[in-house]
Participant: 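Here it is, the structure in full.
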Amino acid sequence: MKPTVISADVLFEDHRSKLKWQWVAGLGASERRFDEVAVREARSGADLVGYLNYIHPYRVQILGPREVAYLTNSTPEDCARRIARIVTLEPPVLVLADGQTAPDALLSMCERAQIPMFSTDQSSAFVIDVLRAYLSKHFADRTTMHGVFMDILGMGVLITGESGLGKSELGLELISRGNGLVADDAVDLYRINQTTLEARCPDLLQNLLEVRGIGLLDIRAIFGETAVRRKMRLKLIVHLVRRETLERDYERLPSEPLTQDVLGIPVRKVVIQVMAGRNIAVLVEAAVRNTILQMRGIDTYQEFIDRQRRAMD
């Protein structure tokens with residue numbers, strides 16, 4: 001999917017309260033955006049923020065005391081050349097941090113070149129941390145998957161499966177057992193770094209769970225604030241199947257843990273057969289507990305193989 005468009009005015013408004021910044025120049029360039037080529041080539045959104053002394057084009061450029069000194073402490077000709085150089089970097093935004101005062105020549109340049117410039121008393125390091133985290137999320141690779149995303153025993157779990165197997169009903173039972181809902185039906189997944197996937201709920205579906213025969217349920221209103229989550233990291237996929245699918249496509253005791261590729265990241269996966277009389281909620285919680293053990297290095301299947309080998313010696 002195409003990355004979310006971030007313009008200067010969106011960036012400013014989203015951080016007005018946290019960074020307490022002012023818009024000091026280039027107000028007419030409120031629609032200025034990140035260069036699309038730079039966004040595609042960046043390894044992550046964090047690559048789109050940096051100090052002025054690291055000369056990379058298309059970045060949000062942060063100007064602290066050292067950067068302002070670099071622009072002002074030289075001959076008039078050198079200062080003018082250094083400020084003019086900023087235009088060639090085509091930054092979407094300049095940020096004056098640490099309570100620095102912008103040189104008049106820099107203000108004039110921003111107005112002429114229509115480059116937005118914000119000013120804040122917050123430290124350069126803090127501004128960079130905040131903006132890198134923000135841009136990493138917004139420019140991350142992302143996709144939408146069908147299923148129910150839950151916080152089960154503290155682990156982010158995506159429940160998928162064949163149509164009509166009761167994924168939402170299972171989600172409702174898990175919620176009644178003290179687990180939390182992140183999203184039902186459509187789950188937005190973001191790759192926030194090389195090994196981590198984060199799941200969020202589309203705004204339209206926030207707090208809602210659809211159960212056949214009942215309709216839409218507001219989980220937050222019914223079960224309280226602790227029954228919903230804003231976001232969770234994906235650690236496990238639980239896939240529900242019918243008996244014939246399980247027998248046809250999967251081993252009863254797989255010798256290696258199953259995984260599913262999501263945005264280039266392998267995610268642990270378990271497959272559970274759905275049939276009358278089975279308590280699927282208990283089985284899902286057991287699968288989560290077993291996955292936690294595996295992540296801690298405890299492999300029950302391998303221990304069984306070792307035990308069987310010793311018995312045969």
Side-chain angles (χ1 to χ4, degrees), residues 144-189 196-201 205 207-214 217 219-220 222-224 226-254 256-262 265-296 298-301 304:
T144 298
M145 294 184 66
H146 177 68
V148 181
F149 198 94
M150 305 281 302
D151 171 4
I152 301 176
L153 304 175
M155 176 178 286
V157 180
L158 176 62
I159 301 171
T160 63
E162 300 172 19
S163 178
L165 288 182
K167 294 183 289 295
S168 295
E169 289 87 342
L170 172 60
L172 183 59
E173 184 173 356
L174 287 165
I175 292 167
S176 70
R177 294 170 63 90
N179 300 293
L181 173 70
V182 178
D184 176 43
D185 190 46
V187 182
D188 290 339
L189 291 164
T196 307
L197 294 163
E198 184 176 89
R200 307 176 209 162
C201 182
L205 303 177
N207 304 326
L208 300 179
L209 182 76
E210 181 186 2
V211 178
R212 292 185 184 182
I214 300 177
L217 301 178
I219 298 302
R220 181 179 179 182
I222 296 173
F223 293 93
T226 58
V228 294
R229 309 285 187 272
R230 297 278 75 82
K231 58 187 177 181
M232 286 286 292
R233 293 186 175 183
L234 174 61
K235 295 295 185 181
L236 177 67
I237 295 173
V238 174
H239 188 60
L240 307 181
V241 297
R242 295 179 173 83
R243 178 178 178 178
E244 55 270 23
T245 303
L246 182 70
E247 293 177 347
R248 182 183 67 243
D249 298 336
Y250 298 97
E251 297 180 30
R252 181 178 177 183
L253 288 175
E256 296 291 335
L258 297 177
T259 61
Q260 180 173 328
D261 184 277
V262 181
I265 297 176
V267 180
R268 292 173 183 266
K269 180 178 181 178
V270 296
V271 179
I272 295 178
Q273 176 188 336
V274 176
M275 60 183 296
R278 300 194 93 190
N279 191 325
I280 306 302
V282 170
L283 294 178
V284 170
E285 288 184 346
V288 170
R289 293 181 188 277
N290 190 54
T291 300
I292 292 172
L293 290 178
Q294 291 175 348
M295 294 172 69
R296 293 174 179 173
I298 301 172
D299 189 334
T300 304
Y301 181 81
F304 169 74

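Note that the structure is a prediction, hence the values are computed from the model and not measured. Every heavy atom of this structure was used, including side-chain atoms; hydrogens, water molecules and symmetry mates were not.
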Participant: Ser168 side chain to Glu210 main-chain N or O, any donor-acceptor pair under 3.5 Å?
Facilitator: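 Looks like yes, one N/O pair under 3.5 Å.
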
Participant: Compare every heavy atom of Arg200 with every heavy atom of Ala183, then report the nearest pair and how far apart it is.
Facilitator: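 Shortest heavy-atom separation between Ala183 and Arg200 comes out as CB-O, 4.2 Å.
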
Participant: Nearest 0.5 Å, what's the CZ-CG distance between Arg220 and Leu209?
Facilitator: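 Between Arg220 CZ and Leu209 CG, I get 16.0 Å after rounding to 0.5 Å.
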
Participant: Let me confirm one number: the CG-NE2 distance from Leu246 to His239, rounded to the nearest 0.5 Å.
Facilitator: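 Atom-to-atom, Leu246:CG and His239:NE2 are 10.0 Å apart.
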
Participant: Do Phe223 and Leu172 come within less than 4.5 Å of each other through their side chains, counting heavy atoms only?
Facilitator: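 Side-chain contact under 4.5 Å: yes.
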
Participant: Return the set of residues passing side chain to side chain contact (heavy atoms under 4.5 Å, CB included) with Val270 (not counting sequence neighbours), or none when no residue passes.
Facilitator: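 Residues passing side chain to side chain contact (heavy atoms under 4.5 Å, CB included) with Val270: Leu236, Val238, Ala287.
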
Participant: Could you tell me if the side chain of Gln294 sits less than 4.5 Å from the side chain of Asn290, heavy atoms only?
Facilitator: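 When only atoms from C-beta onward are counted, Gln294 and Asn290 do touch, with a gap below 4.5 Å.
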
Participant: Testing the basics here: between Leu189 and Ala199, what is the closest heavy-atom pair and its distance to 0.1 Å?
Facilitator: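 Nearest pair, atom of Leu189 first, then Ala199: CD2-CB, 3.5 Å.
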
Participant: For the residue pair Leu153 and Ile292, what are the closest heavy atoms and their distance?
Facilitator: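 Looking at all heavy atoms of both residues, the shortest contact is O-CD1, 4.4 Å.
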
Participant: I want to check something: taking the side chain as every heavy atom from C-beta on, are Lys235 and Thr291 in contact at a cut-off of under 4.5 Å?
Facilitator: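 Answer no - side chains too far apart.
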
Participant: Could you tell me which non-hydrogen atom of Val187 sits nearest to which non-hydrogen atom of Gly147, and how far apart they are?
Facilitator: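 So the two residues come closest at CG2-O, 3.8 Å.
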
Participant: Who pairs with Glu247 by salt bridge (Lys or Arg N to Asp or Glu O under 4.0 Å), at least two apart in sequence or on another chain?
Facilitator: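 Partners of Glu247 under the salt bridge (Lys or Arg N to Asp or Glu O under 4.0 Å) test: Arg243.
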
Participant: Taking the side chain as every heavy atom from C-beta outward, state whether Asn279 and Leu283 have any atom pair closer than 4.5 Å.
Facilitator: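 They are not in side-chain contact.
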
Participant: Within a radius of less than 6.0 Å around NZ of Lys167, do more than 12 heavy atoms belonging to other residues, nucleotides or ligands occur?
Facilitator: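 Yes, enclosed.
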
Participant: From Ile265 CD1 over to Thr196 OG1, what is the distance, rounded to the nearest 0.5 angstrom?
Facilitator: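 It is 6.5 Å, given to the nearest 0.5 Å.
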
Participant: Partners of Arg278 by salt bridge (Lys or Arg N to Asp or Glu O under 4.0 Å), sequence neighbours excluded?
Facilitator: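 For Arg278, no residue satisfies salt bridge (Lys or Arg N to Asp or Glu O under 4.0 Å) once neighbours in sequence are set aside.
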
Participant: Hey, what do you get for CD (Glu169) to CD1 (Ile214), rounding to the nearest 0.5 Å?
Facilitator: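 Between Glu169 CD and Ile214 CD1, I get 8.0 Å after rounding to 0.5 Å.
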
Participant: Please name all residues satisfying salt bridge (Lys or Arg N to Asp or Glu O under 4.0 Å) with Arg177, sequence neighbours left out, ordered by chain then number.
Facilitator: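 Scan of Arg177 (salt bridge (Lys or Arg N to Asp or Glu O under 4.0 Å), adjacent residues dropped) gives Glu285.
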
Participant: Taking only residues two or more places apart in sequence, or in another chain, which ones meet Arg212 in a side chain to side chain donor-acceptor pair (under 3.5 Å)?
Facilitator: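 Scan of Arg212 (side chain to side chain donor-acceptor pair (under 3.5 Å), adjacent residues dropped) gives none.
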
Participant: With Leu240 as reference, evaluate Thr160, Val271, Val274 under the side-chain contact (heavy atoms from CB on, under 4.5 Å) test and give the passing residue.
Facilitator: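 The passing option is Val274.
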
Participant: Before giving the answer on side-chain contact (heavy atoms from CB on, under 4.5 Å), spell out for Leu170 and Val148 the whole-Å C-alpha distance, their side-chain angles and the decisive distance to 0.1 Å.
Facilitator: CA-CA 9 Å; Leu170 172 60; Val148 181; over 6 Å; no

Participant: If you look only at pairs with a residue in residues 145-156, which of them pass as a side-chain hydrogen bond (donor to acceptor under 3.5 Å, both in side chains), with sequence neighbours excluded?
Facilitator: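 Sorted pair list: His146-Asp185, Asp151-Arg229.
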
Participant: Measuring from Ile175:CD1 to Ile152:CD1, what's the distance to the nearest 0.5 Å?
Facilitator: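 CD1 of Ile152 is found 9.5 Å from CD1 of Ile175.
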
Participant: Run the side-chain contact (heavy atoms from CB on, under 4.5 Å) check on Arg268 and Met295 step by step: do they pass?
Facilitator: CA-CA 10 Å; Arg268 292 173 183 266; Met295 294 172 69; 3.8 Å; yes

Participant: Before you tell me yes or no, could you show the steps for Leu165 and Ile280 under side-chain contact (heavy atoms from CB on, under 4.5 Å), namely the whole-Å CA-CA distance, both residues' side-chain angles and the distance that decides it to 0.1 Å?
Facilitator: CA-CA 11 Å; Leu165 288 182; Ile280 306 302; over 6 Å; no

Participant: CG of Leu234 to CG of Leu158: how many Å apart, nearest 0.5 Å?
Facilitator: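 The CG atom of Leu158 is 6.0 Å from CG of Leu234, to the nearest 0.5 Å.
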
